[in-house]
Colleague: 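Take this structure first; my questions come after.
Just so you know, ligand 1 is whichever comes first in the structure, and atom 1 is the first atom listed for that ligand.
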Amino acid sequence: IVQWTPFFQTYKKQRYPWIQLAGHQGNFKAGPDQGTILKKLCPQEETCFKLLMKDILRPFVPEYKGQVKCEDGELYLQLQDLLSDFDCPCVMDCKIGVRTYLEEELAKAKEKTKLRKDMYEKMIQIDPKAPSDEEHRSKGVTKPRYMIWRETISSTATLGFRIDGVKKADGTSSKDFKTTKTRDQITDAFKEFTSNCSNAATRYLERLLNIRATLQESHFFKTHELIGSSLLFVHDKRRASIWMIDFAKTVSVPEDINIDHNTTWKVGNHEDGYLIGLNNLISIFESLIKD
Ligand code: ATP
Ligand code: MG
Ligand code: MG
């Protein structure tokens, strides 16, 4: 169960509780202007937002309104609050891509060959059969082994996205999707999420198709590896929309490398599987609408 973030947003003179489905709670605050929020500054993310404001993807990301320094002395990014136009919004965060760590992070993990007992413990808690005989004997796994395995317990490695959190119309919210893995499980979760609004699924599908068409033409998308980035789904009784968020781990692709976001990832090729995830999302929403 997700905790409500401890702040209220004021918009059109109404106060509404802000909903945060992922990340550390301390990373977000209410913004100084109406309809904005503050996210703790990550320079990489700011670089991306500045580029995105000039890219054709601009309509699909929260508007970036510059840096703000708070009383705590910390710097924040001021962003459009994507929830502010909705009444009692239902919100879902889907993390896109076939992996959620950077190649650089994997390389760093590979330098340390120490066996990790804590990671072994986490592994057997989820799947006692996951470790090899050797790993069982030593009661430890290496960090890179754990990182790669972790993407296989959800739909990340197979479908190219996973559900990170959902807040439904009845007010209940959940982050309990760590092992939601199969297409059927995901389909059920999407059905449940859109069950309170008859045309939400159709509108979501339209928006996904729009995002895909724009990505094909985007210079930003062509030149960046999007890791740990999400699509944020938001609907109420009247409307439904989706935005691309979270660019803290979005980095430019090395100059000598080209990626198409659709090819299988192999260490070193920098493929993120963003379009694998998006295509699967589209296919699942298409099947939902047919039912
Ligand atoms: P993590 O890396 O763990 O995913 P993070 O600290 O990078 O988290 P984000 O993923 O950017 O944070 O955002 C966390 C959550 O906050 C999102 O799932 C969403 O619910 C909410 N959120 C983020 N940005 C916005 C926005 N512009 N408008 C409305 N809600 C937002
Ligand atoms: Mg995120
Ligand atoms: Mg993040």
Colleague: I'd like to know if the side chain of Gln185 reaches the main chain of Thr182, judged simply by a donor and an acceptor atom lying under 3.5 Å from each other, with no hydrogens or angles considered.
Modeller: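 Pair found, side chain donor or acceptor close to backbone of Thr182.
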
Colleague: So, do Leu38 and Pro32 sit near enough that their side-chain heavy atoms are less than 4.5 Å apart?
Modeller: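 Answer yes - side chains close enough.
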
Colleague: Is there an N/O/S atom in Asp246 at a distance below 2.8 Å from the Mg ion (ligand 3)?
Modeller: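 Of the N, O and S atoms in Asp246, at least one lies under 2.8 Å from the Mg ion (ligand 3), which means yes.
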
Colleague: Any salt bridge between Asp164 and Lys175, counting N to O under 4.0 Å?
Modeller: no

Colleague: For atom 28 (N) of ligand 1, what is the nearest protein heavy atom, given as residue, atom name and distance?
Modeller: Leu82 N, 2.9 Å

Colleague: Which protein heavy atom lies closest to atom 14 (C) of ligand 1, and at what distance to 0.1 Å?
Modeller: Ala22 O, 3.2 Å

Colleague: Report yes or no: does Lys249 contribute a side-chain atom to a donor-acceptor pair with the main-chain N or O of Thr100 at less than 3.5 Å?
Modeller: yes

Colleague: Please list the nearest protein heavy atom to atom 16 (O) of ligand 1 with its residue and the distance rounded to 0.1 Å.
Modeller: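 Its nearest protein heavy-atom neighbour is Gln20 CG, 3.4 Å.
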
Colleague: Against ligand 1, does Glu45 come closer than 4.0 Å with any heavy atom?
Modeller: no

Colleague: Below 4.0 Å from ligand 1: does a non-hydrogen atom of Trp18 turn up there or not?
Modeller: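 Flag set, Trp18 near ligand 1.
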
Colleague: If you apply the rule side chain to side chain contact (heavy atoms under 4.5 Å, CB included), what do you find for Tyr64 with Leu79, and how did you get there?
Modeller: CA-CA 5 Å; Tyr64 171 58; Leu79 298 170; 4.0 Å; yes

Colleague: List the closest protein heavy-atom neighbour of atom 2 (O) of ligand 1: residue, atom name, distance to the nearest 0.1 Å.
Modeller: Asp246 OD2, 3.2 Å

Colleague: Return the residue, atom name and 0.1 Å-rounded distance of the protein heavy atom closest to atom 19 (C) of ligand 1.
Modeller: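 Its nearest protein heavy-atom neighbour is Leu232 CD1, 3.7 Å.
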
